[in-house]
Structure formats: structure tokens, C-alpha cells
**Student:** 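My questions will all concern the structure given below.
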Amino acid sequence: MSDTQTLIENRPPSVAALFLERVAATPDAEAYRYPVPPASGEGPDEWKSLSWAQAAERVYAISAGLIELGVQPEQRVALASSTRVEWILADLGIMCAGAATTTIYPQTNAGESAFILSDSDSKVLIAEDAAQLAKAREKRAELPALTHIVVIDPAGVETGDGVLTLAELETRGAAYVEKNPELIKERVGAITADQLATLIYTSGTTGRPKGVRLPHDNWSYMAKAIAATGLLGPDDVQYLWLPLAHVFGKVLTSGQIDIGHVTAVDGRVDKIILNLPVVQPTYMAAVPRIFEKVYNGVAAKARAGGGAKYKIFQWAAEVSREYAKASQDNFRRTGTASVPFGLGAKHKVADALVFAKIREAFGGRLRACVSGSAALAPEIGYFFAGAGIHILEGYGLTESSAASFVNPGEAYRTGTVGKPLPGTEVRIADDGEILLRGPGIMEGYHGLPEKTAEVLESDGWFHTGDIGELSPDGYLRITDRKKDLIKTSGGKYIAPAEVEGQFKAVCPYVSNILVHGADRNFCTALIALDEPSILEWAKENGLEGKSYAEVVAAPATVALVEGYVKELNEGLQRWQTIKKFRLLPRDLDVEHGEITPSLKLKRPVVEREYKALIEEMYAGSREA
């Protein structure tokens, strides 16, 4: 048995136990970094730190406070908050109490929040602020199991009647621990591997969300498996902005505890560009939309700088992709990432002109990024790889505790999601569906045995619903969602995500695109543009001062995008090509239910909402 297998198979029963081990091992080391806005409300945030011992003091106080409120092992405590250090501390406090965290996205409306609270039988809700509290109060009569609400940010909050602040909970908990010094150790020691730790409701692209039951062993396995990849070490600084209500964000907190590195936490997406040079992370996980926005922003800025500047960018981008492909191919064959001399010389020039500035914008120390949750267009992946920012694509689902595959460090391959984590098995079914088995797979859907049986076989194989293929040496490539494959009226199958990804690499102004063509005789597309990028273009093209809706309706904008659609079509099979498209009057967003909080497209919702536009594109057409 290898050392890795030994570590994984002898893992502690819970992340709570791992946390206690980490605190004992490195109590004075920095654990978390978090921003504090200036008291005046003006100027940059001040970043503060918590050591492992300081974090533990707060975690134990939260845990004891919940126990004093009557929370029992496996009872649910809901968390409705954006990503912030208190989310992590509260989650650890819940787990150290032996209870289970129910995660709720802060954008979730009152009705859906109430459904999750009710379906999970959550006893306590930890709400971020007055807005989250108001949603719970609105539906309080429908939530008989809910006994207390704890509010993180007390501004504008009236306490009493079962409502208290997080500070009050911690004060009560600290006093309780003082009277019962062995309380937390006893609770953590009693946790079994199969005990429920987390209930994450899949935001889903269709229908009511399902609660995914993830026991403590899932997270303990994930922590050890992530450490075993060697992608992170104790000296790393991770920048964490992903929604912690989503499994991708949460799994990063487990891996950190086992490894012991620093995590800088700030979920404000609009602060990412400002924070990166301050935090100077060595590692960051993100969804493809972030890399697309950075790429589009760089391209739009270059275009706005004039013809010569844009030509330099286009040349550098081509060099970047050529360099990345050559270095990856050579590493695959020889084990060294060498490139031909001439290409290397061009790359040095491109690096000085373009790439160094991009790396500086990411903080200057970024070794690697992990991309997950959706497919990253290979051309964007190659661009960043050649620019010195290595995006390691990974793959997993809520039902597999987030991480099932990840690209290995130097041996990463753009366009694949890498190899399975140690301890995870994979096989491809006859219809191309990816099946997974291992310690990361969920226990099942909460209260839905029939739904569980549809995806989880008795021998442990989980049906992902994704289509993929394995290379001879074990690298997985995702080709599409099983249910999202389009079959045209001519009998041709099309993977819309693949076409959409290629368009994002071609058009620097796109934000979201939906390719439609099921049971039709040709494909069409609904396209939403990135507002900052297209408004910047508008200034230079006689449309300054126009609103976004006015800009996208302008003939010049339609002509601009038409050019990119033609460029896309040149690289597609005839039956894949986009024959017609429409620009949407606004971007797709979470508030309208068109994309999930993890930025996945909800195809049925978008197609239903823009049915008239779709029908308009097919009206009167007999094109084959």
C-alpha cells in the first residue's frame, strides 16, 4: 500500500477532528485573512489575520453556543450568508458540535429559503444580516422546527424573540466552554464517519432543489485527497471568493485544514481585481466566467487602445496559445516543457509587452488556479497558460463532494479535467456517461429515496449525467451534459456547451450564450454581452452615452457580433453552425433565475423566457 493510500484510508472520521489536530500542531501559524472596511467608509480595506488558535477560540465558542441553544448531533443549522470568514468559523462550529450545516445562497428568495429550512428541519439559522433575517421572519410561521436565528452583522437588527447576534452567541458559548472545558473535545470525539455533516441543496438547472447528504467522512476524505495531489503546501496563500454555500467553495476549506496554509477570504466579486495585488495569492480557485471576464477585459482594453495596440495583443494571444500547446505536448512526450527556440524568443517579447502585466494584475505570485463548476473554453485556457497563469481544470459535483478529478501540477492538459483524485474510481458507460465511485460520493438525497436510486447504484456507482471520454493514461475530457445534448431534426447530435465555449474564446464581448437547436433544422443562439466591455467599445464607435440595451440594439453592435459568429462558424461542422442569433437586452443573472449561483446556465428557464425571440429566428425558414 502506498503512503498516499495509507493516509487516505487512515483518515480521521471528521473534519472537526482534523481541525483539532491542526490547531494542536500549528496554533500560532496564520490561518485566515479577512478584510475590514475603514471606519470612515472611505479608503482601502484593512486586512486582518486569525491564527489557528484564535480561530479555534471563536469556533469553540460558536459550537458551545449552539449546544447551549439545544442543538444535538446531526440536527441541522442553516447558514445563509455570503463568503466571509464568519461563514467558515460558523461552519466549523456547527461541525464541532456534531451538527450538520444546511447551506443557503444569500441570493435565494424568501420562498425558496423557507423550503430549504423546512425540508432540512433546520433548528437554527445563522443569517448574514438584516436582509437575510427579514426573509426568515417573513416565513417564520411556516418553520416550526426553527427555534433561533443568529445574525452575523447586527446593523439594523432587532434582537429578542429567538433572535441574537453572533457576538452574543460567542459570548454565551465562551462562558459555557469555561464551565465545561471538555465539551468540544467530547462532542468531536463522538462524531462517526457516517454522521451527517452537510446538507447542500443543488441549485439545479430544473425543478425544486434536492438536498445532498454529505457525511463527515466525505469531507475528511476530500481533505486528505486534496493534500495528496501536492498542488498546495503549508506556505501557500489561497484567495477564496467562491460561494461557500456551493460545494466547490466549501471543499477548499477542508483541504486547507489538513495542509495548514493561509486562506484570504472575501466573497465580494467586485473586489477581486482590487484584492489580488494586495493579497498576492499563490493559489486561487474560480469558475470559468472569471477567466472569461479577465480575458475579455484585456482584449477590450487593447482594442480601445487603438489598432496597433490591439494587433500586438492579438499577436501575443496567438503566441501564448502556440507556446502553451507546444510546451504541454513536449511535456507529455519527453517530461520537459521545452519549446522551439524561435517560439521561445517570440514568447519573451510577448511576455514583456502583455503577459507580465496580466500576471501583475493577479498579484504577481500566482502559481496556479483551479477552474471548476463548468467547462473552460480551451482557447482561453491556452491563452492564460502561455501567459504564465496555469489554470488546472477540475471536475466534480455536489453529489461527489466537489472534487473528483483535477489536473496534476506540471503535467496538466488544457481541455481536460485531469485525473481522478486518489481513492476515486471512474468508468465510462456504454452511452458515454461518466460514473464515479469512492469515499467522496454522497449518502443520497435528503428524504428522496427514489431520486437517490435513480443516480446511485447499490454497488456505489454514481451516475453523473455528464458525457466524457478517458485518455489511455487516465485524463478525463467532459464533452457535455447527457440531458443537454441537442438532436436536430436532421438527426445530428450537437453538444451546445462545446459550441458556446468556442464562441467565448472567439468573442471578447460575450458574457453568456445559449445555443438552441433541439428538433430544429439549424442552430440559433441567444447572446448576452459583457456590459463594461461593450460600453467601452461603444464609446469608440459613436454610441457613447447610450444605455446597454440601446447599444446592443444598434446595427453596429449587431454587425460586430455577426463577425465573431462567422469566425466561430468557420471552425464548426456544418450542422453545428449558428445560422441566426439575437442579442439580449440585458445579461442573464441569478436574480431572474437564468443562471445558478455557481454561474451555470439554466437552459429551460432562458428558453422559456425568450421563447418569442427563438421562434422569431425560425419563423418562415426552410433552411436545411
**Student:** What residues form a ring-ring contact (aromatic ring centres under 6.0 Å, His included) with Tyr295, not counting sequence neighbours?
**Tutor:** Phe383
**Student:** For Ser404, enumerate each residue passing the side-chain hydrogen bond (donor to acceptor under 3.5 Å, both in side chains) test, keeping only those at least two apart in sequence or located in another chain.
**Tutor:**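 Partners of Ser404 under the side-chain hydrogen bond (donor to acceptor under 3.5 Å, both in side chains) test: Ser400.
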**Student:** Does the pair Arg603/Glu500 count as a salt bridge with the N-to-O cut at 4.0 Å?
**Tutor:** yes
**Student:** Crowded around Glu410 CD? As in, over 12 foreign heavy atoms under 6.0 Å?
**Tutor:**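 Open: at most 12 neighbouring heavy atoms sit under 6.0 Å from CD of Glu410.
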**Student:** For Arg413, which residues count as a side chain to side chain contact (heavy atoms under 4.5 Å, CB included) partner, sequence neighbours excluded?
**Tutor:** Gln328, Arg332, Asn407, Thr416, Ser471, Asp473, Tyr475
**Student:** Please indicate whether Asp430 has more than 12 foreign heavy atoms, meaning atoms of other residues, nucleotides or ligands, lying under 6.0 Å from its CG.
**Tutor:** no
**Student:** Over all heavy atoms of both residues, which pair between Ile434 and Thr464 is shortest? Give the atoms and the distance, please.
**Tutor:**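 Looking at all heavy atoms of both residues, the shortest contact is O-OG1, 2.7 Å.
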**Student:** Start with the C-alpha gap between Ser82 and Glu128, add the side-chain angles, then the distance that decides, and say whether side chain to side chain donor-acceptor pair (under 3.5 Å) holds.
**Tutor:** CA-CA 7 Å; Ser82 61; Glu128 181 169 24; 2.6 Å; yes
**Student:** Do other residues, nucleotides or ligands put more than 12 heavy atoms under 6.0 Å from Glu450 CD?
**Tutor:** no
**Student:** Checking the side chain of Arg365 only, and the main-chain atoms of Gln280 only, is there a donor and an acceptor separated by less than 3.5 Å?
**Tutor:** yes
**Student:** Can you confirm whether Glu30 is buried at CD, in the sense that more than 12 heavy atoms of other residues, nucleotides or ligands lie under 6.0 Å from that atom?
**Tutor:**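 Counting neighbours around CD of Glu30, more than 12 heavy atoms of other residues, nucleotides or ligands fall under 6.0 Å, so yes.
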**Student:** Could you pull out all residues at least two apart from Trp52 that satisfy ring-ring contact (aromatic ring centres under 6.0 Å, His included)?
**Tutor:** Tyr32
**Student:** Does NZ or CZ of Lys250 come closer than 6.0 Å to the centre of the six-membered ring of Trp219, within 45° of the ring's axis?
**Tutor:**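 Judged by the rule (NZ or CZ under 6.0 Å from the ring centre, within 45° of its axis), Lys250 counts as positioned above Trp219.
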**Student:** Using atom types as modelled and distance alone, determine if a side-chain donor or acceptor of Arg33 lies under 3.5 Å from a backbone N or O of Ala264.
**Tutor:** no
**Student:** Among pairs that include at least one residue of residues 65-100, which meet ring pair (Phe, Tyr, Trp, His ring centres under 6.0 Å), considering only residues two or more places apart or in two chains?
**Tutor:**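 Found none.
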**Student:** Check whether NZ of the Lys or CZ of the Arg Lys451 lies under 6.0 Å from the centre of the six-membered ring of Tyr445 and within 45 degrees of that ring's axis.
**Tutor:** no
**Student:** How would you list all residue pairs meeting ring pair (Phe, Tyr, Trp, His ring centres under 6.0 Å) that involve residues 403-430, not counting sequence neighbours?
**Tutor:** His390-Tyr412
